[in-house]
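Counting convention: from 1, in listed order, for ligands and their atoms alike. If you read the sequence from its start, that first residue is 1, and numbering goes on from there. What you see is a predicted model; the values in this text were computed from it and never measured.
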Amino acid sequence: METPTHIAIIMDGNGRWAKKRFLPRVAGHVRGVKRVKDSIEQCLEFNIKYLTLFAFGRDNWKRPQEEVSFLMDLLLEQINKEFTKLHDKNICVRFIGDRSRIDKSLVDRIESIEHLTQKNDKLFLSIALDYSGTYDITQAVNKIIQLSPKTAISEKDFSRYLLSYPYPSVDLFIRTGGEYRLSDFMLWDLAYSECYFTTKLWPDFDKTVFCAAMKWFNSRERRFGMISEQL
Ligand code: FPP
């Protein structure tokens with residue numbers, strides 16, 4: 001079975017999962033954490049090297065303040081709780097996104113876990129926080145302008161300035177929750193991704209759904225602009 005090298009996921013449907021159970025929306029996020037852990041385990045089991053999770057988008061600041069605070073606190077709590085476990089599993093953790101608006105206590109913990117796990121290489125886990133694909137491309141352009149304003153640049157050179165660098169582009173993109181859009185996630189990195197959409201809500205994203213996505217990926221013919229006969 002051919003496994004993807006890099007999986008990226010929009011973990012959608014937490015709020016609806018909670019609403020269906022007459023629970024507050026944040027209960028869905030708590031349940032979602034369990035599925036984050038399950039997905040990490042699945043990646044370790046399938047020997048998938050790169051996993052990127054969209055934890056908080058730039059547009060998510062528009063949510064009610066209590067939900068934003070809850071999500072930030074949940075992340076901080078999870079980093080504190082899972083810190084050594086992730087390290088023991090030889091997982092390299094990093095966060096991609098704009099850190100300027102994130103609380104200093106969370107940024108400090110993010111930097112500690114990144115530092116602690118930087119040499120690990122079993123799985124490269126990226127958490128997208130205050131991230132968007134358009135932000136990523138814009139910050140890359142701004143870095144380039146500062147460095148060499150008059151030099152033309154190739155696609156390959158441009159990609160070195162993206163937040164995902166030096167990780168490979170995404171092979172399999174998964175979105176749960178029954179929405180069929182990219183919501184400004186990894187626009188450059190998804191250029192040739194196979195896109196798997198499921199109506200399952202993120203808190204229901206168990207091993208069966210993960211395996212279904214993997215099986216579906218395996219059935220795809222990836223031509224990258226060529227024709228079947230050339231592969
Ligand atoms: C989208 O569902 C989910 C989020 C914006 C937050 C995702 C966060 C987690 C799964 C928990 C923390 C993550 C980590 C990495 C520890 P939604 O709230 O938009 O659901 P809805 O569409 O049903 O309202």
Modelled atom types, side-chain donor and acceptor of His6 and Thr52, under 3.5 Å: yes

Contact check, Arg25 vs ligand 1, heavy-atom distance below 4.0 Å: yes

Aromatic ring pairing Phe54/Tyr131, orientation class (parallel under 30°, perpendicular over 60°, tilted between): perpendicular

Heavy-atom nearest neighbour in the protein, as seen from atom 4 (C) of ligand 1, with distance rounded to 0.1 Å: His29 CE1, 3.9 Å

Asp12 near ligand 1 by a heavy-atom separation under 4.0 Å: yes

Structural part of Arg35 in contact with ligand 1, heavy atom criterion under 4.0 angstrom: neither

Asn14 and Arg31: side chain donor to acceptor below 3.5 Å: no

For atom 15 (C) of ligand 1, closest protein heavy-atom neighbour: Ile127 CD1, 3.8 Å

Any Ser126 side-chain heavy atom under 4.5 Å of Phe95 side chain: no

Protein heavy atom at shortest distance from atom 3 (C) of ligand 1: Met11 O, 3.2 Å

Any Glu179 heavy atom less than 4.0 Å to ligand 1: no

Salt bridge (charged side-chain N to carboxylate O under 4.0 Å, His left out) partners of Glu111, counting only residues at least two apart: none

Min N/O separation Gly15 to ligand 1 under 3.5 Å: yes

Nearest non-hydrogen protein atom, atom 12 (C) of ligand 1: Val33 CG2, 4.0 Å

Donor-acceptor side-chain pairing of Asp184 and Thr134 below 3.5 angstrom: yes

Pair listing, ring pair (Phe, Tyr, Trp, His ring centres under 6.0 Å) test, anchored in residues 212-231, at least two apart: Tyr192-Phe224, Tyr196-Trp216

Element-labelled atoms of ligand 1 that are located less than 4.0 Å from some non-hydrogen atom of Arg16: 21 (P), 22 (O), 23 (O)

Non-hydrogen side-chain atoms of Leu125 and Arg94 separated by less than 4.5 Å: no

Gln118 CD to His87 NE2 distance, which is reported to the nearest 0.5 Å: 10.0 Å

Nearest-contact summary for atom 9 (C) of ligand 1 - protein heavy atom, Å: Asn14 ND2, 3.9 Å

Taking atom 19 (O) of ligand 1 as the reference point, the nearest protein heavy atom with its distance: Arg63 NH2, 2.7 Å

Enumerated ligand 1 atoms positioned under 4.0 Å from heavy atoms of Ala55: 6 (C), 7 (C), 8 (C)

